[in-house]
Student: 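Below is a structure I'd like to ask you about.
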Amino acid sequence: MQQPLSSSQPRRSTDALAQAALFVISALALLAATAAWPDTPDGLIHLQRVRALSEALMAGVLLPRWFPDFSFGYGYPVLNFYAPAFYYPPAVLHLLGAHVLSATRLVLALLYAVSALALFRLARLWFSLPATLLAVAIYLLFPYRLYDLFIRGALPEFAAFLWLPLLAYTSVRLIQAAERPVGRTRLITAFLLAAFCWAGLILTHNLTALMVALAAGWLALVLFGWALMTRRVRWFLARLLACAAACTLGILLSAWYSAPAILESRWVGIGAETTQGYMAHFASWSQLFAWSFPFAYPTA
C-alpha cells in the first residue's frame, strides 16, 4: 500500500524542479551571452592565464607562482599575489582538449548556475517560492555582476559571486546547528562547510573576501546592539564565536596562497608604481553614494 505524502514532500518536489530549471536556464543563458566573447580590458588577460596554468600543469607544476612566458618572456609572478582558484577548472578542461575560450565559458556558465542554486537555498529558508525566484533573478541580473563580465572582463571577481550566498547559507546553517540538539556530527559538518566557503572565496578573489569580512564585521556590530537591547548577549556571543572560528579556519586553509602573497608583496611591487598603483582608483567619500536611477556605470 502506498504511503501518503508528508506535508514537506510536495514542497521538496516543487523546489527540486525549480532548482533544476534555474540551473539549466542560467547556465544556457550565460553560454549564449558569451558566444560572442565580450571585448573587455581584462578578459583576454585571464584567458592567457588559463592557458599558462594549463601549460604549467602539463609540465607537472601544480602551483606555478611564476608564468615564465609573460612580460615579453621575462616572466611574471601572477599567482604570487593573484588568487588562483578560478583558473584551475578551465585550465584542466583545456588540458583535456577543450579550447581555452570554450573551457572558460563553460566554467563561467556552471559557476553562474550553481550560484543561482545557492541563492535559492538561502532565500528558501525564509521566503515563499515566488519570492525566492524573484531573489534569484535579482542576484543573477545584479548590474555590477554583469558589468564585471561583459564590461570589465574581471572573470575571477565574477566567479566570486558564487561564494557569497554559499557563505551566507552555510553560516546560517552553522548558527542553526548550534541552536538545536542535532548532534555533534551535523554541527562539525556545518562548521567545516562554512570554513570551506571562506577559503574558497579567499582563493577565488581576495578583495571580495576582504569586503565580505568588513561587511560581516558591521553586521556583527548591528546584531550585538540588538543582543544588548534584548538581553541575549551570551546567546549572540556563542554564535559569533562559531562563525568567527569558521572564518579563521577558512583563512588558515587558504594560507598556502595568502601567506606568501602578503609576506612577499614588497618584492612584487603592488601599489609602488609612479601612479601609486590603485591609489588613484579609490572613490572619494562623496562618490560612495549616487542617487541617480539607473546607476551610470563607467566604461572600462
Side-chain angles (χ1 to χ4, degrees), residues 42-95 100 104 107 111 148 152-164 166-167 191-217 243-279 281-282:
D42 292 351
L44 293 179
I45 295 175
H46 294 298
L47 292 179
Q48 292 291 352
R49 291 177 180 180
V50 171
R51 174 196 59 79
L53 178 58
S54 181
E55 292 174 353
L57 294 176
M58 186 180 298
V61 182
L62 298 182
L63 182 60
R65 299 170 67 193
W66 189 278
F67 287 153
D69 294 332
F70 280 28
S71 297
F72 305 100
Y74 290 100
Y76 199 76
V78 175
L79 300 187
N80 200 64
F81 62 92
Y82 203 89
F86 166 75
Y87 301 113
Y88 276 87
V92 171
L93 290 178
H94 179 53
L95 192 64
V100 172
T104 304
V107 169
L111 293 175
D148 257 349
R152 296 181 61 219
L155 306 189
E157 186 174 355
F158 178 83
F161 277 85
L162 163 71
W163 296 106
L164 306 185
L166 281 176
L167 183 56
F191 174 77
L192 292 177
L193 286 175
F196 175 79
C197 288
W198 273 111
L201 179 59
I202 295 170
L203 293 173
T204 302
H205 196 253
N206 46 27
L207 291 180
T208 300
L210 176 61
M211 289 187 287
V212 170
L214 292 174
C243 292
C247 177
T248 302
L249 180 57
I251 293 173
L252 293 176
L253 290 175
S254 59
W256 57 267
Y257 149 72
S258 56
I262 295 172
L263 294 175
E264 301 175 7
S265 60
R266 58 176 177 167
W267 291 307
V268 175
I270 298 176
E273 300 176 0
T274 56
T275 59
Q276 295 183 329
Y278 284 95
M279 290 291 290
H281 296 274
F282 290 141

Student: Crowded around Y88 OH? As in, over 12 foreign heavy atoms under 6.0 Å?
Tutor: yes
Student: Kindly compute the distance separating CG (L252) from SG (C247), expressed to the nearest 0.5 Å.
Tutor: 9.5 Å
Student: Measuring from atom CG of D148 to atom NE2 of H205, what distance do you get when rounded to the nearest 0.5 angstrom?
Tutor: 7.5 Å
Student: Taking the side chain as everything from C-beta on, heavy atoms only, tell me whether L263 gets closer than 4.5 Å to P260.
Tutor: no
Student: L201 and side chain to side chain contact (heavy atoms under 4.5 Å, CB included): which partner among T208, N206, L166?
Tutor: T208
Student: Are H94 and T104 packed together at the side-chain level, in the sense that at least one heavy-atom pair is separated by less than 4.5 angstrom?
Tutor: no
Student: Would you call the rings of Y82 and Y87 parallel, tilted or perpendicular if under 30° counts as parallel and over 60° as perpendicular?
Tutor: tilted
Student: Below 4.5 Å, heavy atoms only, C-beta onward: do F67 and Q48 meet side chain to side chain?
Tutor: no
Student: Any side-chain heavy-atom pair from F86 and L203 closer than 4.5 angstrom?
Tutor: no
Student: Measuring only between side-chain heavy atoms, which start at C-beta, is F196 closer than 4.5 Å to W163?
Tutor: yes
Student: Heavy-atom distance under 4.5 Å between the side chains of F70 and R49, does that happen here?
Tutor: yes
Student: Can you check whether Y74 and W66 have ring centres sitting under 6.0 Å from each other?
Tutor: no
Student: How about W256 and L63: do any of their side-chain heavy atoms sit closer than 4.5 Å?
Tutor: yes
Student: Would you compute the distance between atom CZ of R65 and atom CG of L79 and round it to the nearest 0.5 angstrom?
Tutor: 9.5 Å
Student: Find the distance between CG (L162) and CG (L167) and round it off to the nearest 0.5 Å.
Tutor: 11.0 Å
